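The block underneath contains the structure these notes are about, expressed in structure tokens.
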Amino acid sequence: MDWEKKLYSVGEKPLDVLVEGYSNTSVFRKIAFVGDSLSSGEFETVNSKGEAEYYDMFEYSFGQYIARNNGLSAYNFSRGGMTAKWYLENYAEEHGFWDREKAAQAYVVALGANDLVFAKQELGDLSDIDINNPANNKPTFIGYYATIIQRYKKIAPDAKFFLVTFTRNSQKEFEEAAVIHRKAMYALAEFFDNLYVIDLYEYGPAHDERFKEKYFMYGHMSPSGYLLTAQLIDSYIDYIIRTNPKDFKTVGFINTDIEYQK
């Protein structure tokens with residue numbers, strides 16, 4: 001067996017290969033999924049009055065699909081409509097998401113659509129971050145987003161973070177937000193250690209009309225849409241681990257008292 005060609009194909013790009021069965025994502029035994037409706041398995045329907053209704057059904061979230069596929073535990077630290085500001089101001093505290101007993105080995109963070117598209121939150125930049133005291137971060141999207149990362153780094157100092165970009169989108173306002181959001185994710189990944197970007201904008205399928213016809217129900221995804229998203233994110237994490245093996249050798253020690261040389 002030529003294991004190097006099997007595991008590290010020359011010229012392979014993210015999502016060239018979709019994983020089947022256990023992936024390298026399974027090296028994590030606990031993953032927290034921080035996000036909005038996409039992370040919550042939210043379904044949208046229309047009632048008899050013609051009004052839209054929304055239901056977070058976590059068992060259909062991409063995080064729970066990934067957990068079932070890899071035999072790991074997944075926390076849904078998410079809710080439809082979530083913003084980084086709302087998460088920090090009360091939602092995370094009210095639901096115990098900062099509790100040390102819920103510390104994860106990895107955090108998949110998928111926030112930004114509600115912040116930038118609907119709430120029109122100011123984007124900000126890296127100068128909004130106080131690396132020593134997140135309480136001093138400025139009230140911008142990057143400031144709030146960085147605070148979430150910093151607070152989880154305090155709880156789980158060696159945890160790995162995977163920041164999810166938007167996909168390309170046929171709706172102009174989402175596409176415009178996707179471009180600036182993607183740049184922000186890469187900037188944060190350079191600013192902090194142990195951060196990686198899941199770049200669905202560059203490598204994932206565009207959410208155009210053809211895609212939405214197959215995988216959406218009204219404005220949110222169908223069960224198959226969330227399953228496909230799980231396959232994409234699982235495969236992307238697998239790719240990151242395979243191409244950066246030294247970074248992930250000691251994940252089994254994260255959140256333990258075991259001492260080791262980094």
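Given the structure is predicted, the values throughout are model-derived calculations rather than measurements.
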Using the rule that Ile, Leu, Val, Met, Phe, Trp and Tyr join whenever any side-chain heavy atoms are under 4.5 Å apart, tell me whether Tyr218 and Phe118 fall into a single cluster. no

Who pairs with Phe211 by ring pair (Phe, Tyr, Trp, His ring centres under 6.0 Å), at least two apart in sequence or on another chain? His207, Tyr215

Rounded to the nearest 0.5 Å, what separates atom CG in Asn76 from atom OG in Ser40? 6.5 Å

Ionic contact status for Glu12 with Arg242, cut-off 4.0 Å: yes

Ring-face cation contact, Phe248 with Lys160, 6.0 Å cut, 45° max: yes

What distance do Glu94 atom CD and Glu89 atom CD have between them, rounded to the nearest 0.5 Å? 11.0 Å

On the ring face of Tyr65, is Arg68 found with NZ or CZ under 6.0 Å from the centre and within 45° of the axis? yes

Give every residue pair that meets the salt bridge (Lys or Arg N to Asp or Glu O under 4.0 Å) criterion with at least one member in residues 188-197, sequence neighbours excluded. Lys153-Asp193

For atom NZ of Lys212, is the number of surrounding heavy atoms from other residues, nucleotides or ligands below 6.0 Å larger than 12? yes

Look at atom CD of Glu51 and say whether more than 12 heavy atoms of other residues, nucleotides or ligands are closer to it than 6.0 Å. yes

Considering residues at least two apart in sequence or located in another chain, which fulfil the ring pair (Phe, Tyr, Trp, His ring centres under 6.0 Å) criterion with Phe62? Phe33

Stepwise ring-ring contact (aromatic ring centres under 6.0 Å, His included) test for Phe43 and Tyr54: CA-CA 6 Å; Phe43 295 139; Tyr54 306 91; over 10 Å; no

Distance in Å, Trp86 CH2 paired with Asp36 CG, rounded so as to fall on 0.5 Å steps: 10.5 Å

Honestly curious: do Phe58 and Tyr55 fall in one hydrophobic cluster under the side-chain, below-4.5 Å linking rule? no

Among Ile240, Ile233, Val19, Ile66, find the residue that satisfies the side-chain contact (heavy atoms from CB on, under 4.5 Å) test when tested with Thr25. Ile66

Phe166 and Tyr201 aromatic centres sub-6.0 Å: no

Looking at Glu101, I want to see if its CD is surrounded by more than 12 non-hydrogen atoms of other residues, nucleotides or ligands under 6.0 Å. yes

Students often mix this up, so state it plainly: with edges at 30° and 60°, are the rings of Phe97 and Phe77 parallel, tilted or perpendicular? parallel

